[in-house]
*Asks:* 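Structure provided below as structure tokens; questions to follow.
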Amino acid sequence: MSTNEDIGAIFEEMATLLELTGANGFRVNAHTKVARVVEGLASDLGDIARGEKAMAELQKLDGIGKSSAEKIVAFVANGAVPELDELRAAVPDGLRTVMQVPGLGPKTVRRFWQEASVESLADLEAALADGRLEALPRMGRKTIDNIRASIDFMKSAGDRRRLGVALPLAERVVAVMEAVPGMRQVAWAGSLRRGQETIGDVDILVSTDDPEAASAAFREQPGVSRVLVAGETKSSVRLEEGIQVDLRVVPEEVWGATLLYFTGSKDHNVALRERAIARGLRLNEYGLFPEDDEAAPPQQRGIAPVAASSEAEIYEALELPWIPPELRVDRDEFDRAIPEDLITVESIRAELHSHTTASDGRLSIDELAEAAMAAGREILAITDHSRSSAQANGLDVDRLRRHADAIREADARIDGIRLLAGSEVDIHADGSLDYEDDVLASLDVVVASPHASLRQEPAVATARLCAAARHPLVSIIGHPTGRIIGSRKGLEPDIEAVIAAAIEGGTALEINSNPLRLDLRDIHVRAAVDDGCLISINTDAHRAEHLQYLRYGVLTGRRGRLEAEGCINAWEPDRLLAWLARGR
DNA sequence: GCCGTTTTCGGCCCGACTGTTTTCAGTCG
């Protein structure tokens with residue numbers, strides 16, 4: 001785990017343990033915020049938190065004060081935080097799992113702990129079985145049943161879902177809702193709209209002439225395994241896939257306010273509401289209202305909103321430009337100019353990383369060219385694996401040369417798309433490449449990627465990737481860390497050093513769009529873009545349908561503030577070809 | 001615990017839904 005992830009996890013854990021001890025909620029939130037800020041940093045806190053100016057440097061970060069800075073310094077110096085150790089001693093470890101049961105929060109878990117000796121998930125199940133919990137005040141039959149069902153769900157379902165699973169599922173639900181009579185608008189919101197790499201649940205928003213029909217259709221749609229919430233404007237269901245989907249039904253005139261609220265992030269919303277308060281306004285999911293210090297919600301008292309129908313007019317009333325959903329994270333989106341030409345799927349003209357049957361792909365050269373053309377690409381680089389990737393049927397030099405000839409023959413024969421002969425060349429553990437330079441020089445495109453030795457020490461990984469990035473014949477560093485979301489951590493290089501080497505070597509860093517990878521990840525893209533490093537968004541297609549992964553890579557690029565100018569795949573074809581040909 | 005374009009102290013976002021209880025606490029997003 002990287003230092004930043006370690007520290008983020010520590011503050012998350014402290015927040016949970018503090019909640020269980022009954023600490024002040026704002027203090028709990030402060031810890032959660034530190035975790036989020038730390039995990040969003042591209043640069044390594046291990047470096048910042050050493051040296052004489054560590055305390056001052058750390059406290060420059062938003063949300064980190066003296067107390068948190070001291071904890072970070074202590075952790076980096078000694079690998080331990082005394083306050084955390086004290087909390088761990090005071091609160092049974094198993095309660096952290098109990099807190100993860102949907103519907104159980106700190107108050108309830110604390111009661112179970114104090115009043116029924118529940119100290120773990122196993123204790124909780126035993127207490128449910130022997131009736132200890134039912135004996136507690138305010139613990140009825142339904143609550144007990146819900147807790148049982150939640151435990152079953154937690155055991156069966158995994159954690160968060162990958163973007164590539166959740167987005168097609170959201171499209172399915174949206175199609176169901178669009179078919180309901182009286183429907184006016186349907187959209188997905190939440191972390192899905194923000195393009196996060198993993199999704200907790202899917203949020204669907206509709207405006208309609210017939211709210212009852214909409215809610216009914218939602219709860220009765222195919223694939224619902226359990227209805228969790230069934231209100232007038234809000235419903236939640238769990239699908240057979242194990243994912244929760246929330247529906248919100250709103251009048252069309254407050255569409256913008258609800259879409260804004262439902263898109264989040266939560267922290268972005270909180271920041272917007274604070275901004276509203278500072279301007280004598282009050283923001284909720286029904287609109288932006290004048291503040292009149294009445295407790296009851298303004299929309300229930302017939303107060304007219306200042307803005308409600310569109311997100312843009314609400315931002316405008318708060319003296320902000322419309323902020324693209326992918327940038328709504330409560331980091332610096334209020335202070336920095338919004339990128340004018342954020343990358344879009346439509347602006348991508350070239351696919352520069354793909355595989356055929358020559359290595360481990362499923363399509364021939366002609367079939368892949370056809371699929372790429374159908375997907376709207378004007379340039380396709382075919383980059384089968386190099387010889388060391390034996391498990392992927394990597395090409396030795398002879399096969400590579402014949403394959404390159406075949407690609408160029410196809411390029412001459414096929415109209416409508418430019419085919420480039422390339423290779424996805426293994427970066428060896430020591431940073432050397434899998435083919436000799438004369439072989440690399442004979443290709444149109446070289447994507448250099450790490451495939452093996454993905455558990456190297458960070459310093460070794462940094463040297464390895466920097467060497468490849470500086471190599472004059474390398475065009476792109478493919479999936480730079482080699483991570484697989486949720487299952488393989490991959491390399492943990494000093495990303496700033498890799499970015500510097502890529503700039504120096506005139507090499508682009510890839511956003512691999514495969515939803516299992518999304519590598520570079522969003523915060524690394526952001527660091528690269530801020531430094532002026534070129535980015536390449538590719539699908540790494542092994543099949544025709546993989547070309548559709550592009551949208552996931554684009555969302556990741558947008559989260560990293562990537563504009564079309566900084567993405568070589570969006571360049572004019574002649575410009576891209578000239579760039580690829582440099583030094584060859 | 002953090003923070004300051006009225007603040008170094010006193011605030012800290014807002015509403016829907018559920019369950020259990022007759023007015024609201026807890027959870028969630």
Side-chain angles (χ1 to χ4, degrees), chain A residues 11 14-15 18-19 23-37 58-72 83 99-112 134 136-147 149-150 189-194 199-205 215 227-236 244-250 254 257-258 260-289 291 294-300 318-319 330:
Chain A
F11 278 87
M14 290 193 68
L18 282 167
E19 276 189 307
N24 176 304
F26 298 110
R27 198 175 152 214
V28 173
N29 284 343
H31 282 77
T32 310
K33 175 162 185 174
V34 173
R36 182 174 53 77
V37 168
L58 288 170
Q59 286 179 79
K60 281 183 190 168
L61 297 168
D62 182 43
I64 297 184
K66 185 160 175 283
S67 169
S68 298
E70 281 171 354
K71 293 184 180 83
I72 293 169
E83 291 88 346
M99 277 283 284
Q100 288 166 10
V101 176
L104 294 187
K107 300 271 170 53
T108 311
V109 173
R110 187 172 158 79
R111 271 184 67 205
F112 289 174
E134 236 169 322
L136 297 178
R138 294 191 65 92
M139 273 299 140
R141 186 80 243 158
K142 279 192 164 179
T143 304
I144 298 291
D145 287 344
N146 284 342
I147 295 172
S150 291
S191 50
L192 199 54
R193 185 166 177 240
R194 302 198 311 277
I199 307 298
D201 52 30
V202 171
D203 302 307
I204 304 289
L205 180 61
S215 297
V227 176
L228 302 168
V229 175
E232 273 180 43
T233 65
K234 196 175 153 180
S235 297
S236 289
Q244 182 175 328
V245 186
D246 299 335
L247 175 77
R248 198 75 178 238
V249 183
V250 301
V254 304
T258 313
L260 181 64
Y261 156 80
F262 225 14
T263 297
S265 69
K266 194 172 187 299
D267 299 305
H268 180 83
N269 286 348
V270 170
L272 282 178
R273 286 170 181 166
E274 287 171 348
R275 201 176 167 94
I277 291 167
R279 285 163 178 71
L281 299 166
R282 173 169 170 179
L283 178 63
N284 64 28
E285 59 259 54
Y286 298 96
L288 183 63
F289 296 89
E291 180 56 82
E294 295 282 331
Q299 72 277 4
Q300 291 176 7
L318 294 172
E319 298 170 69
D330 184 30

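Each chain gets a letter, A, B and so on, in the order the sequences are listed, and its residues count up from 1. A quick note: this is a predicted structure, and the numbers were derived from the prediction, not measured. Heavy-atom basis, side chains included; hydrogens, waters and symmetry copies ignored.
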*Asks:* Using a 4.0 Å heavy-atom cut-off, does R141(A) contact any base of the nucleic acid, only the sugar-phosphate backbone, or nothing at all?
*Replies:* sugar-phosphate
*Asks:* Under the side chain to side chain donor-acceptor pair (under 3.5 Å) test, which residues partner T263(A), sequence neighbours left out?
*Replies:* R193(A)
*Asks:* Mind checking the C1' distance from dT7(B) to dG11(B)? Whole angstroms is fine.
*Replies:*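 Here dT7(B) and dG11(B) have their C1' atoms 9 Å from each other.
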*Asks:* What is the glycosidic conformation of dT6(B): syn, defined as within 90° of 0, or anti?
*Replies:*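 dT6(B): anti glycosidic orientation.
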*Asks:* Using a heavy-atom cut-off of under 4.0 Å over every strand shown, decide if L272(A) touches base, sugar-phosphate, or nothing.
*Replies:* nothing
*Asks:* Reading DNA chain B 5' to 3', which nucleotide is the first, and which the last, to come under 4.0 Å of any heavy atom in chain A?
*Replies:*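 So the outermost contacting nucleotides come out as dG1(B) to dG29(B).
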*Asks:* Which value, in whole Å, describes the distance between the P atoms of nucleotides dT8(B) and dG4(B)?
*Replies:* 13 Å
*Asks:* Once you apply a heavy-atom cut-off of 4.0 Å, does Q300(A) come out as touching a base, just sugar-phosphate, or nothing?
*Replies:* sugar-phosphate
*Asks:* With R111(A), which residues qualify under salt bridge (charged side-chain N to carboxylate O under 4.0 Å, His left out), at least two apart?
*Replies:*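 Salt bridge (charged side-chain N to carboxylate O under 4.0 Å, His left out) list for R111(A), sorted by chain: E115(A).
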*Asks:* Do NZ/NE/NH1/NH2 and the carboxylate oxygens of D330(A) and K266(A) come within less than 4.0 Å?
*Replies:*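 Not counted as a salt bridge, because no side-chain N and carboxylate O are separated by less than 4.0 Å.
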*Asks:* Would you indicate what A278(A) reaches in the nucleic acid, counting non-hydrogen atoms under 4.0 angstrom: base, sugar-phosphate, or nothing?
*Replies:* nothing
*Asks:* Using salt bridge (charged side-chain N to carboxylate O under 4.0 Å, His left out) as the criterion, list what pairs up with K142(A), not counting sequence neighbours.
*Replies:*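 Listed in chain order: nothing, the list is empty.
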*Asks:* Could you check whether Y286(A) gets within reach of a base, just the sugar-phosphate, or nothing at all, counting any heavy atom under 4.0 Å?
*Replies:*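 If one applies the 4.0 Å heavy-atom cut-off, Y286(A) turns out to touch the sugar-phosphate alone, with no base involved.
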*Asks:* Tell me, please, which residues at least two apart from F11(A) pass ring pair (Phe, Tyr, Trp, His ring centres under 6.0 Å).
*Replies:*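 Applying ring pair (Phe, Tyr, Trp, His ring centres under 6.0 Å) to F11(A) gives H31(A).
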*Asks:* Rounding to the closest angstrom, what is the interatomic distance between dC17(B) and dT21(B) at atom C1'?
*Replies:*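 Going atom to atom, C1' in each nucleotide, I get 15 Å.
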*Asks:* When you match T108(A) and N146(A) each to their closest nucleotide on DNA chain B, which lands nearer the 5' end?
*Replies:* N146(A)
*Asks:* Rounded to whole angstrom, note down the P distance from dT6(B) over to dG19(B).
*Replies:*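 Looking at atom P only, dT6(B) and dG19(B) are 45 Å apart.
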*Asks:* Suppose the criterion is side-chain hydrogen bond (donor to acceptor under 3.5 Å, both in side chains): which pairs have a residue in residues 276-288 of chain A, not counting sequence neighbours?
*Replies:* R248(A)-E285(A), R279(A)-E319(A), N284(A)-Q299(A)
*Asks:* Which base, if any, makes a Watson-Crick or G-U wobble pair with dG10(B), both distances under 3.5 Å?
*Replies:*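 By the stated definition (distances under 3.5 Å), dC3(B) pairs with dG10(B).
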*Asks:* Pick base, sugar-phosphate or nothing for K66(A), based on heavy-atom distances below 4.0 Å to the nucleic acid.
*Replies:* sugar-phosphate
*Asks:* Mind checking if S236(A) touches a base, just sugar-phosphate, or nothing, with heavy atoms under 4.0 Å?
*Replies:* nothing
*Asks:* K107(A) near the nucleic acid: base, sugar-phosphate alone, or nothing, with a heavy-atom cut-off under 4.0 Å?
*Replies:* sugar-phosphate
*Asks:* Hey, does N269(A) reach any base, or is it just sugar-phosphate, or nothing, if we go heavy atoms under 4.0 Å?
*Replies:*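 Touches nothing.
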*Asks:* Could you tell me if the side chain of L104(A) sits less than 4.5 Å from the side chain of M99(A), heavy atoms only?
*Replies:* no
*Asks:* Can you check the distance between dT20(B) and dC24(B), where both ends of the measurement are the C1' atom (answer in whole Å)?
*Replies:* 9 Å
*Asks:* Does E232(A) CD have over 12 foreign heavy atoms under 6.0 Å away?
*Replies:*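 Atom CD in E232(A) is not packed in, count stays at 12 or less.
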*Asks:* Touch check for P137(A), heavy atoms < 4.0 angstrom, all strands: base, sugar-phosphate only, or nothing?
*Replies:* nothing
*Asks:* Considering only atom C1', compute the distance from dT18(B) to dT23(B) and round it to an integer number of Å.
*Replies:* 15 Å
*Asks:* Please report the distance separating the C1' of dT22(B) from the corresponding atom of dG10(B), rounded so that it comes out in whole Å.
*Replies:*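 To the nearest whole Å, 35 Å.
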*Asks:* When the nearest nucleotide of DNA chain B is assigned to N24(A) and to Q299(A) on a heavy-atom basis, which residue is associated with the more 5' position?
*Replies:*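 Whichever sits nearer the 5' end wins; that is N24(A).
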*Asks:* How far does the C1' atom of dA16(B) sit from the matching atom of dC12(B), given to the nearest Å?
*Replies:*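 Pairwise C1' distance, dA16(B) against dC12(B), rounds to 22 Å.
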*Asks:* Using a cut-off of 4.0 Å on non-hydrogen atoms, how would the nucleic acid contact of D62(A) be classed: base, sugar-phosphate, or nothing?
*Replies:* sugar-phosphate
